[in-house]
Amino acid sequence: LVAMLLPVSLIGQLNLKWSDQIVVNSDRNLGYARPKIALTSNNTPIVMWSKRSNKEVYTSLREGDTFKSPVKITPSSINAFAQDWAGPDMVAWGKNVYVIFEAEPHGVGPIYLCTSKDGGNSFGDTVKVSDNRLTRFPTLAVAPNGRLYVAFMVFETGDKDPHYAVSTSNDGGRTFSKETKATGTAPGESCDCCPAYLLASNTGVTLLFRNNDNNVRDIWASVSKDLGKTFSLSKKIDNSGWVIGGCPSSGPSGILMKDSLASVWMDGSSGNSRVMIGTSDIDKLDIGINQNISNDVPSTANQNFPIIAGNGNIIGAVWEEINQGKRYIKLATGNKGPRSLINQKAAVVNLDTSTLAKNPHMVYADGIFHITWQDNRTFKIYYRAASIVGFVSITENKKPKIEISPNPSAGVFYIQNTNDVDEITVQNYQGKVIKRVKGSIKDLDLTEYSQGIYFVSFIEGNGRRSFKLQKE
């Protein structure tokens, strides 16, 4: 259960508190291509990326206000396919972190999985997911019960009939089932240069992919209700009708929201690349919303590589946007489901728009959007967090109410009912952590800090309660 207090600045738009922009990796020798982010135990962020030149894959865990030294997870005997527009993928389930990648040569190398069982501190040996050597673009998803699904593109002999297939693991990635064709009745073939996206629940799995029917490259969904054994429901979830002879090299992203599917993708049917948002009911895949996230994008701008994340009615979409030589990573958020994202004023995530910021990725949990992206000018990977002001993720009737007094205060705040608290953090108005305390406390002394607004968070297991403090 989730209790929420969600102040808004526009209808449905969330009031966000931003962290500092943190460098995940600054060593150009370790690469910076196509970062992905996941959350391990206690919602600890882990970022994965690859290097295009030497085909290596790395991960880094957040530790306090920084990220740990990168861990190389690919063995020296295997080169991973790595580009800005396609590459390895990663998910996490508790302390299990799964990274999947395609081995070189591209299109004929096997698919491999690397697994960490200690929250991303170390990774074991690679496991071959499929013996089929005509494969590319692996992606994966893990259900709440731990069942692991992987999807990848498969070609018939002679590079014919590209389509996506899904394989399942019931033992934490040690073994996988024989892959099943997952693109169902979609006409033509799968877009052979567009990565897919996979979503998993305890009862089924959903594949999102860009199709190619005589150069009509719309987004489709396929649903399996028998744990990936068959995909009996396949349907177009995109009404754009984009006709393009070349390859978009851009795929969809999605989340499951109760009985519906929310998706984002790039569409070029207007003559410019635009981020679209769509909804479909999961039982029939009938289309609901199907439109641009924002209608006021300058005609000179192009958008691409959107990612959607959220839980319940809280939702966010992040994408890259290029306009008149400037590159933005933009975030739109809402607390009333997919419709609340439409025509919101998107926040700019990256602090320097003169750089070559691109390829954002995002996850959401407990009132925080965790965002990472690459920069092709500084050759770095960055991270920022956007916390929902006033969000409470622990049911109040099951936890004693934390009481803070006086508030406002001249410096010392007295606090009650923190016996179950694991950690307490205090951030200034700019999002910088200025104080961190392990365990419970009875008073919080901010005497040494200047007057203004601060935010205190009480972390309990996987939950978090946050309050605004005013020092006079």
Side-chain angles (χ1 to χ4, degrees), residues 24-38 46-61 68-92 97-116 120-140 148 150-155 157-159 162 164-165 167 169 173-176 179 190 192-196 198 247 249-251 305 358-359 361 372-376 379-381:
V24 178
N25 176 57
S26 60
D27 187 348
R28 185 177 179 180
N29 294 322
L30 303 184
Y32 49 89
R34 199 172 171 81
K36 297 293 184 76
I37 189 167
I46 181 171
V47 177
M48 178 273 299
W49 70 94
S50 52
K51 185 175 183 181
R52 289 172 296 182
S53 59
N54 62 8
K55 315 299 183 183
E56 294 174 341
V57 181
Y58 295 87
T59 61
S60 179
L61 271 168
K68 292 183 178 182
S69 298
V71 174
K72 179 176 175 287
I73 68 171
T74 42
S76 57
S77 60
I78 300 176
N79 292 331
F81 170 71
Q83 295 293 328
D84 282 348
W85 55 275
D89 197 11
M90 176 180 67
V91 295
V97 181
Y98 303 103
V99 176
I100 196 168
F101 64 92
E102 170 196 349
E104 292 274 18
H106 174 49
V108 296
I111 305 296
Y112 289 102
L113 181 81
C114 290
T115 302
S116 170
N121 287 289
S122 62
F123 283 80
D125 294 335
T126 55
V127 172
K128 187 184 292 185
V129 174
S130 171
D131 290 324
N132 191 329
R133 299 190 66 86
L134 298 175
T135 56
R136 62 173 63 166
F137 303 150
T139 186
L140 73 174
L148 183 65
V150 300
F152 44 89
M153 183 173 286
V154 176
F155 290 80
T157 303
D159 289 342
Y164 277 96
S167 184
S169 176
R174 291 188 293 272
T175 61
F176 286 87
E179 61 259 25
S190 299
D192 64 0
C193 62
C194 299
L198 202 58
C247 201
S249 300
S250 182
F305 304 120
K358 62 184 305 180
N359 271 337
H361 195 253
T372 187
W373 68 96
Q374 74 185 66
D375 193 299
N376 284 15
F379 311 113
K380 296 178 181 179
I381 296 171

Which atoms form the tightest heavy-atom contact between [X] and [Y], and what is the distance?
X: S116; Y: S122; answer: OG-O, 2.7 Å
X: P195; Y: W85; answer: CG-O, 3.6 Å
X: A86; Y: F137; answer: CB-CE2, 3.7 Å
X: L148; Y: G173; answer: CD2-CA, 4.0 Å
X: S169; Y: R174; answer: OG-N, 3.9 Å
X: S190; Y: M153; answer: CB-CE, 4.0 Å

May I have the step-by-step check of side-chain contact (heavy atoms from CB on, under 4.5 Å) for K128 and F176, ending in yes or no? CA-CA 9 Å; K128 187 184 292 185; F176 286 87; over 6 Å; no
Say you draw a straight line from [atom1] of [X] to [atom2] of [Y]; how long is it, rounded to the nearest 0.5 Å?
X: S69; Y: D27; atom1: OG; atom2: CG; answer: 10.0 Å
X: M48; Y: I73; atom1: CE; atom2: CD1; answer: 7.0 Å
X: Y164; Y: E179; atom1: OH; atom2: CD; answer: 14.0 Å
X: F379; Y: S26; atom1: CZ; atom2: OG; answer: 12.5 Å
X: K72; Y: E56; atom1: NZ; atom2: CD; answer: 4.5 Å
X: S53; Y: R28; atom1: OG; atom2: CZ; answer: 9.0 Å

Any chance you could lay out the side-chain contact (heavy atoms from CB on, under 4.5 Å) test for Y98 and V150, step after step, and finish with the verdict? CA-CA 10 Å; Y98 303 103; V150 300; over 6 Å; no
Quick check: do [X] and [Y] have side-chain heavy atoms less than 4.5 Å from each other?
X: V99; Y: L113; result: no
X: K36; Y: D89; result: yes
X: L61; Y: N121; result: yes
X: I78; Y: Y112; result: yes
X: F123; Y: T115; result: no
X: I100; Y: T139; result: no
X: C247; Y: C194; result: yes
X: F155; Y: R136; result: yes

Taking the side chain from [X] and the backbone from [Y], do they hold a donor-acceptor pair closer than 3.5 Å?
X: T74; Y: V57; result: yes
X: N25; Y: G31; result: yes
X: T126; Y: P75; result: no
X: H361; Y: T372; result: no

E104 bridged to K55 by N-O distance under 4.0 Å: yes
Does a donor on one side chain sit under 3.5 Å from an acceptor on the other, for D84 and Q374?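 Side chains of D84 and Q374: pair found under 3.5 Å.
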Verdict with reasoning, F152 to I111, per side-chain contact (heavy atoms from CB on, under 4.5 Å): CA-CA 8 Å; F152 44 89; I111 305 296; 4.3 Å; yes
Assess whether side-chain contact (heavy atoms from CB on, under 4.5 Å) is satisfied between F305 and S250, documenting all intermediate values. CA-CA 6 Å; F305 304 120; S250 182; 4.0 Å; yes
